Amino acid sequence: MSLERSDVEKIAHLARLAVSEDELEAVASDLSNILNLVEQMDAADTEGVIPMAHPLHMTQRLREDAVTEQNKREQFQSIAPLTEEGLYLVPRVIE
Amino acid sequence: MHNKTISELAQGLRAGDFSSVELTQTYLDRVARFNPQLNSYITICEATALQAAALADQQISDGDAPLLTGIPIAHKDIFCTDGVKTSCGSKMLDNFIAPYDAHVVSLFKQAGAVMLGKTNMDEFAMGSSNENSFYGPVHNPWKSGAVPGGSSGGSAAAVAAGLCVAATGTDTGGSIRQPAAFCGITGLKPTYGRVSRYGMIAFASSLDQGGPMARTAEDAAAMLQVMAGFDTRDSTSAEQPVPDYTAGLNDDIAGLRIGVPREYLGGGLDPAIEASIQLALAEYKRLGAELVEISLPNTELGVPTYYVVAPAECSSNLSRFDGVRFGHRCSEPKDLEDLYKRSRGEGFGAEVKRRIMVGTYALSAGYYDAYYLKAQKIRHLISDDFRDAFKQVDVIMGPTAPSTAFGIGEKADDPVTMYLSDIYTIAVNLAGLPGMSIPVQPVDGMPVGLQLIGNYFEEAKLLNVAHRLQQVTDWHSATPAGFE
Amino acid sequence: MQWETVIGLEIHAQLATKSKIFSGAATAFGSEPNTQACNVDLGMPGVLPVLNKAAVRMAVTFGVAIDAEIGQRSVFARKNYFYPDLPKGYQISQFELPIVGKGEVEIELDRGVHKPVGVTRAHLEEDAGKSLHEDFHGMTGVDLNRAGTPLLEIVSEPDMRSAKEAVAYAKKIHQIVQYLGICDGNMQEGSFRCDANVSVRPVGGPLGTRAELKNLNSFRFLERAINIEVERQIDLLEAGGKVVQETRLYDADNDETRSMRSKEEANDYRYFPDPDLLPVELDEGLIESIRTSMPELPDAKRARFSADYGLSEYDAEVLTSSKSLADYYEQAAKVAGDAKMAANWVMGEFSGALNKAGLTLEQSPVDADALGGMLLRIVDKTISGKIAKQVFESMWAGEGGADQIIEAKGLKQITDVGAIEAVVDGVLQANPGQVENYRNADEKKRPKMLGFFVGQVMKQSKGKANPQQVNELLLKKLD
Ligand SMILES: [Mg+2]
Ligand SMILES: [Zn+2]
């Protein structure tokens with residue numbers, strides 16, 4: 001698989017990563033090399049093989065429905081880039 | 001003092017030969033002296049370490065203090081530490097003071113251990129050389145200008161150079177074992193689910209596992225004893241009893257069946273390294289073990305499969321770093337999209353961005369089946385290879401890495417070549433098995449690691465097998481020149 | 001051309017758990033911003049989700065209630081997209097293996113006209129936070145208190161053919177989740193939210209392109225928005241245009257739907273199994289225990305009300321329209337010992353008073369025991385039905401219980417024959433002309449004329465004379 005600059009732009013947008021014009025070529029080439037490595041998977045016959053998402057055959061444990069967390073807003077927001085009146089601020093979202 | 005094992009130090013503390021404050025100060029002095037050349041620490045916690053040491057001395061004199069009380073250790077900077085900067089080796093988190101402790105960190109606090117600081121690492125644990133750190137590369141104590149391995153390179157170098165007694169690391173594709181091999185120390189990646197991932201900043205959730213990095217198997221056992229255990233805050237944590245890891249260290253290994261995968265020898269492996277491995281295997285034979293040639297036929301698929309699974313998971317795990325609630329935020333974003341793109345574009349380094357993009361691509365519409373689903377299926381095949389192998393043998397052994405530590409900058413421009421250096425370690429993470437690296441005969445003065453792979457939850461057996469070798473050889477006790 | 005409307009609904013019901021679906025933070029509504037968002041809800045580095053058992057139980061309860069397939073093995077998946085109210089950059093939801101599979105509910109269109117509507121699936125997921133667009137120097141404020149609140153997303157088949165059917169279906173689901181006690185159903189607070197997928201097609205033709213309508217926070221808006229959107233699509237198609245697949249927002253102020261974002265880029269959510277969560281496996285025991293402890297559902301309750309209480313189909317329908325009303329009614333009837341009288345009072349006087357005061361049932365100043373206690377005094381003839389209205393008004397005004405009011409105001413019915421006879425005699429003596437007329441009137445007119453005397457007696461006894469005894473005495477004396 002060889003990626004074009006436009007593919008990189010699309011992926012970078014989906015991943016919300018700024019990639020500058022002059023980086024595009026190099027990134028496309030790096031990603032293409034990685035995808036070529038990855039495509040060695042094609043050699044494997046996986047007919048009928050069940051996909052494995054977890055290394056252990058465990059099932060989800062369930063938690064009792066109880067409130068265990070207290071308000072720590074001040075502490076959490078002390079490391080936030082921008083807050084006001086207890087809210088996290090971001091550039092205006094237009095709907 | 002810095003050449004003693006944990007149990008020797010614990011004894012010394014209890015006998016009153018030295019106090020934890022003295023011990024801690026000794027280590028802090030070494031850190032102050034050697035860290036500028038090694039760069040193994042990102043954060044040094046001098047004041048809090050001495051406070052913790054004083055408290056430990058009190059507890060020891062009160063009696064009944066756990067083994068690790070007063071022992072100076074270091075945590076990889078991927079573990080959240082309440083009130084202490086937790087950078088994960090990234091500019092993204094350069095300003096992140098974690099508001100809580102990782103489960104592992106709180107366990108060490110409860111055990112009375114003294115945290116000297118946070119160790120350097122590849123950004124978000126993505127790398128095999130520690131060159132991908134926002135805080136600069138770490139130097140291998142055995143050779144300045146050589147990499148310590150990665151991603152737990154700071155921990156490995158710190159332990160090897162005697163800048164802490166032992167350290168924590170994490171291993172997603174070899175990140176404990178490979179730096180342990182490069183720096184000549186003992187590192188253990190436990191079974192997936194053995195150590196809680198709570199508060200350990202996620203790279204690839206289905207592969208990540210924390211583990212100990214120490215000078216000896218005995219020390220690693222003591223460290224794992226603290227780290228291992230069920231945690232209700234981690235849904236993937238295993239509800240399994242924790243055995244006494246030191247109890248069986250001296251067990252006889254006569255009759256032990258050691259599987260040697262033919263795919264792990266020859267090929268791209270440096271012949272000198274192969275010779276070191278054979279030398280160690282011969283020692284095991286002398287100890288009464290039986291060598292069995294086995295096959296792990298899907299070995300070559302490990303790296304390609306890993307480079308779909310890990311990036312896919314990381315692309316999603318790292319979406320939370322968006323400049324809104326914590327971490328780096330670009331200046332004066334012109335709109336929301338600009339905030340996201342520039343905060344992430346500036347906060348992440350090149351390798352992290354590469355992997356996020358590979359993962360994003362592998363999960364995107366039209367490619368999911370060919371990449372992600374295919375990888376999940378091969379993961380099953382790889383896992384089955386090991387399952388079959390463990391029907392014949394008790395442990396599997398081979399090299400940890402195909403070469404000794406390479407030079408800083410040597411492979412930095414070629415991500416794919418770098419990825420291939422994890423060929424022997426990656427499959428173990430895909431299968432979720434425990435793996436270990438211990439030092440064997442060096443090559444050209446550089447450490448070489450023997451990898452031990454065990455069946456699920458058989459960490460005790462790995463530690464026993466490793467310890468037996470360390471009782472009859474002294475490869476593990478070599479100290480890099482200049483750090484005696 | 002004859003157009004046919006095709007509608008499918010996606011309903012998000014907030015599950016009534018105490019804590020969030022993946023964290024131990026509280027779910028209570030209306031707290032100070034970000035005071036109920038713990039490190040897991042904020043998507044802090046290193047934190048992990050742990051699934052709430054109650055949310056799972058509630059989802060299964062819904063599945064059992066609509067007789068759906070229950071996913072014995074279900075999987076949580078990540079839906080990846082960036083938005084400020086989505087802290088982790090992904091929503092934990094379910095994709096391939098939802099907890100509830102295919103099911104069905106029946107809606108009533110007109111009296112006796114029923115129609116089945118298919119439920120495609122219902123899955124568990126976490127809610128997002130809220131973006132507040134008030135002015136923060138031109139910025140948006142983000143409150144993550146709601147982030148991580150458990151939702152059950154109920155997806156219907158595109159089985160509905162009109163706004164009216166869509167509303168009937170939405171009301172039915174609303175009724176079911178409230179009956180099950182798994183959702184408070186409060187649409188104002190966003191506990192029950194509907195999105196409608198609307199398309200039109202020539203009758204019998206292939207499915208048209210659909211638009212997804214959002215922001216429908218009342219049944220009335222749901223109906224309005226669909227009707228307006230159907231009109232818009234038909235106009236567009238008849239003018240030779242094309243419907244584009246998009247999300248449209250219902251604007252109640254201007255009574256129109258408008259495109260939410262003109263984004264050409266299709267969403268690519270990159271769903272994949274959440275590696276932090278393991279597959280949920282439900283054991284038969286859990287499903288069985290839910291099945292056996294299933295509360296009575298609306299249809300069953302309605303049938304029982306008709307059969308056991310002798311109520312008309314209409315009355316039974318009204319009284320079971322919400323579980324709280326049904327519970328209120330049953331309790332009042334039980335205390336009163338007269339189910340029909342209780343039905344009349346609950347649907348009449350009581351509901352009227354609530355409406356007039358603009359109160360919900362839960363806010364009523366007269367509880368079921370109090371109302372039942374008053375009705376009991378009608379049954380045991382302590383008061384008449386007419387006096388009861390006066391007593392009820394006083395109870396509503398908070399003047400106390402029925403007995404207390406009857407006592408304090410001396411409203412006790414007069415049943416002493418001698419006393420009533422004295423009043424009756426007085427009235428007859430005072431109105432000789434009317435008595436004369438009555439006696440000369442033919443049989444058919446007499447009952448109406450009798451009413452005059454009853455009225456006079458009741459007036460003079462201040463309504464306290466037992467009407468039945470008054471009637472009997474008057475007839476005896478007049479004939
Ligand atoms: Mg949806
Ligand atoms: Zn949803």
Side-chain angles (χ1 to χ4, degrees), chain A residues 1 3 7-8 10-20 23 26-28 30-31 33-64 72 75-83 88-94, chain B residues 95-97 99 192-193 206 232 235-236 238-239 298 300-301 303-305 307-308 315 322-327 329 333-342 344-346 348 353-354 356-358 360-362 364 371 373-381 383 415-416 419 430-433 456:
Chain A
M1 177 65 74
L3 293 183
D7 296 320
V8 176
K10 219 176 89 188
I11 300 166
H13 176 69
L14 261 184
R16 298 297 187 276
L17 290 171
V19 178
S20 70
E23 288 173 298
V27 172
D30 280 345
L31 297 187
N33 288 339
I34 297 168
L35 291 174
N36 284 331
L37 167 76
V38 158
E39 277 156 16
Q40 290 172 18
M41 292 194 309
D42 295 348
D45 178 7
T46 51
E47 185 71 34
V49 179
I50 298 163
M52 183 173 127
H54 284 285
L56 299 177
H57 300 286
M58 300 194 301
T59 57
Q60 179 62 34
R61 216 164 358 87
L62 301 177
R63 174 178 64 80
E64 290 303 321
K72 288 186 185 161
Q75 193 192 1
F76 291 148
Q77 296 199 341
S78 69
I79 51 168
L82 192 60
T83 59
Y88 293 97
L89 294 193
V90 295
R92 169 151 263 157
V93 178
I94 309 134
Chain B
N95 60 3
F96 182 67
I97 308 298
Y192 182 82
S206 78
T232 54
S235 296
T236 61
E239 222 165 338
N298 292 295
E300 286 210 336
L301 291 168
V303 173
T305 301
Y307 279 96
V308 172
S315 73
D322 59 3
V324 176
R325 296 164 316 287
F326 45 77
R329 181 181 182 118
K334 67 177 198 294
D335 57 24
L336 184 64
E337 194 168 302
D338 189 42
L339 167 75
Y340 286 152
K341 289 187 173 174
R342 276 203 292 130
R344 291 166 59 78
E346 294 163 7
F348 293 139
K353 284 190 266 197
R354 261 197 293 274
I356 289 175
M357 284 195 273
V358 168
T360 300
Y361 185 70
S364 66
Y371 291 109
L373 209 59
K374 180 84 178 176
Q376 299 272 58
K377 289 177 181 171
I378 300 178
R379 188 172 183 184
H380 206 158
L381 295 178
S383 175
V416 170
Y419 296 172
L430 290 168
L433 293 163
Y456 296 102

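In what follows, chains carry the letters A, B, and so on, assigned in the order in which the sequence lines appear, proteins first and then strands, with residues in each chain numbered from 1. Keep in mind that what you see is a predicted model, and the values were worked out from it rather than measured.
In this structure, chain A has no heavy atom under 4.5 Å from any part of B/Leu433. Only the side chain of B/Phe348 comes within contact range of chain A, judged by heavy atoms closer than 4.5 Å. Contacts between B/Ala375 and chain A at a heavy-atom distance below 4.5 Å involve backbone atoms as well as side-chain atoms. Looking at A/Asn36, there are no atoms closer than 4.5 Å to chain B (heavy atoms on both sides), in backbone or side chain. Heavy atoms closer than 4.5 Å to chain A are found in both the backbone and the side chain of B/Thr305. In this structure, the portion of B/Leu339 lying under 4.5 Å from any heavy atom of chain A is its side chain and not its backbone. At a 4.5 Å heavy-atom cutoff, the contact between B/Val324 and chain A is made by backbone and side-chain atoms alike. Both the backbone and the side chain of B/Arg354 come within contact range of chain A, with heavy atoms under 4.5 Å apart. If you measure heavy-atom distances from B/Leu301 to chain A, the contacts under 4.5 Å come from the side chain alone. Looking at A/Val38, both its backbone and its side chain come within 4.5 Å of chain B, counting heavy atoms on both sides.
Counting only heavy atoms from C-beta outward, the side chains of B/Arg379 and B/Ser206 approach each other to under 4.5 Å. Contact annotation: the side chain of A/Arg16 approaches that of A/His13 to within less than 4.5 Å [non-hydrogen atoms, C-beta and beyond].
For B/Tyr371 and B/Tyr361, the distance between ring centers is under 6.0 angstrom.
In terms of heavy atoms, B/Arg329 sits closest to A/Pro81 at CD-CB, 3.3 Å.
Between the side chain of A/Lys72 and the backbone N or O of A/Gln77 there is no donor-acceptor pair closer than 3.5 Å. Looking at B/His380, its side chain never comes within 3.5 Å of a backbone N or O of A/Met52 through a donor-acceptor pair. Between the side chain of B/Lys353 and the backbone N or O of A/Leu17 there is no donor-acceptor pair closer than 3.5 Å.
In terms of non-hydrogen atom pairs under 4.5 Å with chain A, the most contact-rich of B/Asp338, B/Leu381, B/Asn95 is B/Leu381. Highest contact tally toward chain B, considering only A/His54, A/Met41, A/Glu39, A/Gln40, is held by A/Met41 [criterion: heavy-atom pairs under 4.5 Å]. Of the listed residues B/Arg325, B/Glu346, B/Lys334, the one with more heavy-atom pairs under 4.5 angstrom with chain A than any other is B/Arg325. Contacts with chain A were tallied for B/Ile378, B/Val303, B/Thr236, B/Leu430; B/Ile378 has the most, counting heavy-atom pairs under 4.5 Å. Counting heavy-atom pairs under 4.5 Å between each of A/Val19, A/Leu35, A/Asn33 and chain B puts A/Leu35 at the top.
Side-chain atoms of A/Ser20 and A/Glu23 include a donor-acceptor pair closer than 3.5 Å.
When the salt bridge (Lys or Arg N to Asp or Glu O under 4.0 Å) test is applied to A/Glu64, the partners found at least two apart in sequence or on another chain are C/Lys53.
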Can I get a per-line list of side-chain donor-acceptor pairs under 3.5 Å for residues 56-63 of chain A, giving both atom names and the distance, sequence neighbours left out?
from: A/Gln60; atom 1: OE1; to: C/Leu278; atom 2: N; distance (Å): 2.9
from: A/Gln60; atom 1: NE2; to: B/Ser235; atom 2: OG; distance (Å): 3.0
from: A/Arg61; atom 1: NH2; to: B/Asp234; atom 2: O; distance (Å): 2.8
from: A/Arg63; atom 1: NE; to: C/Val50; atom 2: O; distance (Å): 3.2
from: A/Arg63; atom 1: NH1; to: C/Ser19; atom 2: OG; distance (Å): 3.2
from: A/Arg63; atom 1: NH1; to: C/Ser23; atom 2: O; distance (Å): 3.4
from: A/Arg63; atom 1: NH2; to: C/Lys20; atom 2: O; distance (Å): 2.5
from: A/Arg63; atom 1: NH2; to: C/Ser23; atom 2: O; distance (Å): 3.0

